[in-house]
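Bear in mind that the values here come from a model prediction, so they are computed numbers and not experimental data. Note that the numbering runs from 1 along the sequence shown for the chain.
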Amino acid sequence: MKFFIDTANLAQIKEANDLGILDGVTTNPSLMAKEGVKGNEAIMNHYKTICEMVDGDISAEVFSTDFDGIIAEGKKLAAIHPNIVVKVPMIKDGVKAIKWFTDNGIKTNCTLVFSAGQAILAAKAGAKYVSPFIGRIDDTNWDGVELIAQIAHIYTLQGFETEILAASIRSSLHIVKCAEAGADVCTCPLDSILGLLKHPLTDIGLAKFLEDAKKM
Ligand code: G3P
């Protein structure tokens, strides 16, 4: 399973990248706004900086919701760097645009996916990634990880090549459960990645080894 970081914060991207286990980055308008990135030029420059920091797919989301607007925006984003993946919402014009991008050699990530039916449409349109938002599904008292397993089962059965990118990750346990359920990629906040390191027995064991090492 690939590890992406789900943020537009450059310090966090650097910290995850320095760990040596980072395969890519996902952003969205909320994450970009959180970093105070405003205006077209600043947005483009921010994506360029991320592409120069991380050697992997970098998702950049369109704001338009009509076919022509999505295509125009997506072309500009894709021109920033070969690693840019155009992130397109799961709406009618979005699906149409994903098909157009696929036919024209531009990689896409279909976002805001909450059902297996939506995931089938994204795969039919040729999206490189499909992003089910598992944390937001959990928020509605459904099991987001179950959706990952359902999509993985359908994609395997049908031979779809779209990669399942588990998004809206809220914990380290989510990452483990998504790996078990067959996600190809997990895009995570830095804290959830770092949380995978933690186990109290590791801390206790290390303290004992260090204490005994003094007697050697
Ligand atoms: O990758 C999508 C993600 O950014 C949404 O996460 O926590 O806002 O549901 P969240």
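- Screening Ile70, Ile106, Ile71 for a side chain to side chain contact (heavy atoms under 4.5 Å, CB included) with Val86, the sole residue that qualifies is Ile106.
- Evaluation of the side-chain hydrogen bond (donor to acceptor under 3.5 Å, both in side chains) test over residues 67-82, restricted to residues two or more places apart or in two chains, returns Ser64-Glu73.
- A heavy-atom distance below 4.5 Å is not found between the side chains of Thr187 and Ile169.
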Indicate every side-chain donor-acceptor pair of residues 202-216 with a distance under 3.5 Å to a residue at least two apart or in another chain.
unit_1 : atom_1 : unit_2 : atom_2 : d
Lys208 : NZ     : Asp212 : OD1    : 3.2
Lys208 : NZ     : Asp212 : OD2    : 3.0
Asp212 : OD1    : Lys215 : NZ     : 2.9

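- When every heavy atom of Leu190 is checked against every heavy atom of Ala16, the shortest pair comes out as CD1-CB, 4.0 Å.
- Residues meeting the side-chain contact (heavy atoms from CB on, under 4.5 Å) test with Ala60, sequence neighbours left out: Tyr47, Leu77, Ile84.
- Within the structure, salt bridge (charged side-chain N to carboxylate O under 4.0 Å, His left out) contacts touching residues 80-95 (residues at least two apart or in different chains) are Glu61-Lys87.
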Evaluate side chain to side chain contact (heavy atoms under 4.5 Å, CB included) for Glu15 paired with Leu194, printing each intermediate quantity in order.
-> CA-CA 10 Å; Glu15 190 174 339; Leu194 297 180; 3.6 Å; yes

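- Residue pairs meeting the side-chain hydrogen bond (donor to acceptor under 3.5 Å, both in side chains) criterion with at least one partner in residues 101-124, sequence neighbours excluded, are Asp57-Lys107, Ser59-Asn109, Lys99-Asp103, Asn109-Ser131.
- Residues forming a side chain to side chain donor-acceptor pair (under 3.5 Å) with Glu35 (at least two apart in sequence, or on another chain): Asn9.
- Considering only residues two or more places apart in sequence or on other chains, Lys14 meets the salt bridge (charged side-chain N to carboxylate O under 4.0 Å, His left out) condition with Asp18.
- More than 12 heavy atoms of other residues, nucleotides or ligands shown are found within 6.0 angstrom of CG on Asn45.
- Contact of the Trp142 side chain with the Phe114 side chain is not registered, since no non-hydrogen atoms from C-beta on lie closer than 4.5 Å.
- By the 4.5 Å heavy-atom criterion applied to side chains, Ile98 and Leu121 are not counted as neighbours.
- Looking only at distances, a side-chain donor or acceptor of His46 sits under 3.5 Å from a matching main-chain atom of Ala8.
- Taking all atoms of both residues into account, the shortest heavy-atom contact from Ala122 to Met90 is N-CE, 4.0 Å.
- Once rounded to the nearest 0.5 Å, the distance linking CG of Asn28 with CG of Leu31 reads 4.0 Å.
- If you chain together hydrophobic residues whose side chains sit under 4.5 Å apart, Leu173 and Ile193 never meet in one group.
- With hydrogens and angles disregarded, a donor-acceptor distance shorter than 3.5 Å links the side chain of Thr162 to the backbone of Ala127.
- Atom CG of Leu196 and atom SG of Cys188 lie 7.5 Å apart (nearest 0.5 Å).
- Listed here is the closest heavy atom pair of Ile151 and Pro132: CD1-CG, 3.7 Å.
- Interatomic distance, Thr27 OG1 to Lys34 NZ, rounded to the nearest 0.5 Å: 13.0 Å.
- From Ile80, atom CD1 reaches atom CD1 of Ile58 across 11.0 Å, with rounding to the nearest 0.5 Å.
- Take Phe3 and apply the ring-ring contact (aromatic ring centres under 6.0 Å, His included) test, not counting sequence neighbours, and it matches no residue.
- No side-chain heavy atom of Ile134 sits under 4.5 Å from any side-chain heavy atom of Leu147.
- Legend: salt bridge (charged side-chain N to carboxylate O under 4.0 Å, His left out) pairs involving residues 180-198, not counting sequence neighbours, sorted by first then second residue: Lys177-Glu180.
- By the 4.5 Å side-chain criterion applied to Ile, Leu, Val, Met, Phe, Trp and Tyr, Tyr129 is assigned to a cluster that also includes Phe4, Val85, Leu165, Val185.
- Distance SG/Cys178 to CD1/Ile148: 5.0 Å, rounded to 0.5 Å.
- In plain terms, the two heavy atoms of Phe160 and Ala123 that are nearest each other are CG-CB, 3.6 Å.
- Checked against side chain to side chain donor-acceptor pair (under 3.5 Å), Lys48 has the following partners two or more places apart in sequence or in another chain: Glu52.
- Taking 4.5 Å as the limit, some side-chain heavy atom of Val88 sits within range of a side-chain heavy atom of Phe101.
- Applying the salt bridge (charged side-chain N to carboxylate O under 4.0 Å, His left out) rule to pairs touching residues 130-145 yields Asp139-Arg170, sequence neighbours excluded.
- Heavy atoms only, all atoms of each residue included: Met1 and Ala179 are closest at SD-CA, 3.7 Å.
- Put simply, Leu112 and Phe63 are part of the same group of oily side chains (I, L, V, M, F, W, Y) that touch within less than 4.5 Å, one to the next.
- Counting only heavy atoms from C-beta outward, the side chains of Val54 and Ile5 never approach each other to under 4.5 Å.
- Distance check: Asn83 CG to Ile50 CD1 gives 12.0 Å after rounding to the nearest 0.5 Å.
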